[in-house]
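Okay, so here's the structure we're looking at.
Predicted, not measured: the structure shown is a model, and the values here were computed from it.
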Amino acid sequence: GSGSVRSDNGAGCRQVKSDMRILTALMVFILLLAACREERKVDVAAGLNPEKMATMTTKNISTLISDSGVIQYKIVAPLWQVFDEADTPYWHFPKGLFLQKYDPYFQVVATVAADSAKFFKNERLWRLEGHVEMTKVPKDLFLSERVFWDQRHGRIYSDTFIHIENATHVLEGTGFISNENLTEYR
């Protein structure tokens with residue numbers, strides 16, 4: 001015997017063609033609707049404040065800073081934000097800062113650690129805050145809650161409690177001022 005296979009392709013093809021026409025009509029309608037919509041421009045920059053927006057953000061930095069080709073400092077920080085567009089441009093280290101100061105022979109002569117820090121570029125002024133710890137070779141230690149380092153005038157000062165230790169004495173009080181090398185202070 002011969003078997004026969006019956007197919008009803010005609011009805012199936014008509015259904016697919018009908019579905020395609022409906023889909024095409026729907027797409028044309030959506031495109032026309034979108035084309036008729038009024039175009040709005042959004043000014044993204046209007047809501048931005050350059051005072052509060054970093055122009056550069058860097059994570060886990062370790063960088064050397066030189067002056068006249070001689071390496072002066074090494075900075076290590078988990079986060080460094082630069083605010084160059086602010087009225088008073090500054091660098092911000094909100095998660096802490098560790099700084100090493102070098103002599104001309106690249107030997108560490110001082111260290112600074114702080115919970116947070118800001119460097120005001122135009123004034124060349126550092127503001128170190130939180131638990132601030134400064135050490136100076138050979139074994140001098142300075143502890144305070146807030147310390148300012150004025151590089152332009154070559155002085156370091158604080159207006160908060162200060163603890164100073166060196167080989168011969170321990171000093172404590174509120175506020176101090178020193179030369180940049182921490183060799184003369186009061």
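Between Q81 and T57, the closest side-chain pair of non-hydrogen atoms falls below 4.5 Å. Considering only heavy atoms from C-beta on, R155 stays 4.5 Å or farther from E180 through its side chain. Counting heavy atoms from C-beta outward, V147 and Y157 have side chains that stay 4.5 Å or more apart. Y185 is not listed as a side-chain neighbour of N179, based on a closest heavy-atom distance of 4.5 Å or more. With a 4.5 Å cut-off on side-chain heavy atoms, I162 and T174 do not count as touching. When side chains are defined from C-beta on, F83 does not count as touching E85, because their heavy atoms never get closer than 4.5 Å. The shortest side-chain heavy-atom distance between F93 and K118 does not fall under the 4.5 Å cut-off. The shortest side-chain heavy-atom distance between D159 and F148 falls under the 4.5 Å cut-off.
The cluster map of Ile, Leu, Val, Met, Phe, Trp and Tyr, joined by side-chain heavy atoms under 4.5 Å apart, puts F161 and I177 in different clusters. When hydrophobic clusters are built by joining Ile, Leu, Val, Met, Phe, Trp and Tyr residues whose side-chain heavy atoms come closer than 4.5 Å, directly or via intermediates, W91 is grouped together with M56. Grouping the Ile, Leu, Val, Met, Phe, Trp and Tyr side chains by contacts below 4.5 angstrom, directly or via other members, places M134 with I65.
Note: W126 CH2 to I156 CD1 = 12.0 Å, rounded to the nearest 0.5 Å. Once rounded to the nearest 0.5 Å, the distance linking OG1 of T63 with CH2 of W80 reads 5.5 Å. To the nearest 0.5 angstrom, E145 atom CD is 13.5 Å from H163 atom NE2. Between L99 atom CG and T111 atom OG1 the span is 8.5 Å, to the nearest 0.5 Å. In this structure, CD1 on I75 lies 12.0 Å from NZ on K101, to the nearest 0.5 angstrom.
In this structure, the salt bridge (charged side-chain N to carboxylate O under 4.0 Å, His left out) partners of K136, at least two apart in sequence or on a different chain, are D140. With sequence neighbours excluded, the residues forming a side chain to side chain contact (heavy atoms under 4.5 Å, CB included) with T168 are N166, listed by chain and number. Under the side chain to side chain contact (heavy atoms under 4.5 Å, CB included) criterion, S116 pairs with E129, not counting sequence neighbours. Residues forming a side chain to side chain contact (heavy atoms under 4.5 Å, CB included) with E133 (at least two apart in sequence, or on another chain): H131, T135, L141, L143.
Side-chain heavy-atom separations under 4.5 angstrom define the hydrophobic clusters, and the remaining members of the one that includes L64 are I71, Y102, F106, V108. If you chain together ILVMFWY residues whose side-chain heavy atoms come under 4.5 Å of each other, V170 ends up in a group of its own.
For N122 against P89, the heavy-atom pair with the smallest separation is ND2-CD, 3.4 Å. Summarising the geometry of K74 relative to V76, their closest heavy-atom pair is CE-CG2, 3.9 Å, with the distance given to 0.1 Å. In this structure, G96 and A77 approach most closely via the heavy-atom pair O-CB, 3.4 Å.
Side-chain atoms of S178 come within 3.5 Å of backbone atoms of E184 as a donor-acceptor pair (strictly under, hydrogens ignored). Not one N or O on the side chain of S158 forms a donor-acceptor pair closer than 3.5 Å with the backbone of G175.
Ion pair D150/R124 not flagged as a salt bridge, since none of the NZ, NE, NH1 or NH2 atoms sits closer than 4.0 Å to an Asp/Glu carboxylate oxygen. Electrostatic pairing of K121 and D84 counts as a salt bridge here, judged by a charged N lying under 4.0 Å from a carboxylate O.
With respect to W149, the ring pair (Phe, Tyr, Trp, His ring centres under 6.0 Å) criterion is satisfied by exactly one of F142, F119, Y73: Y73.
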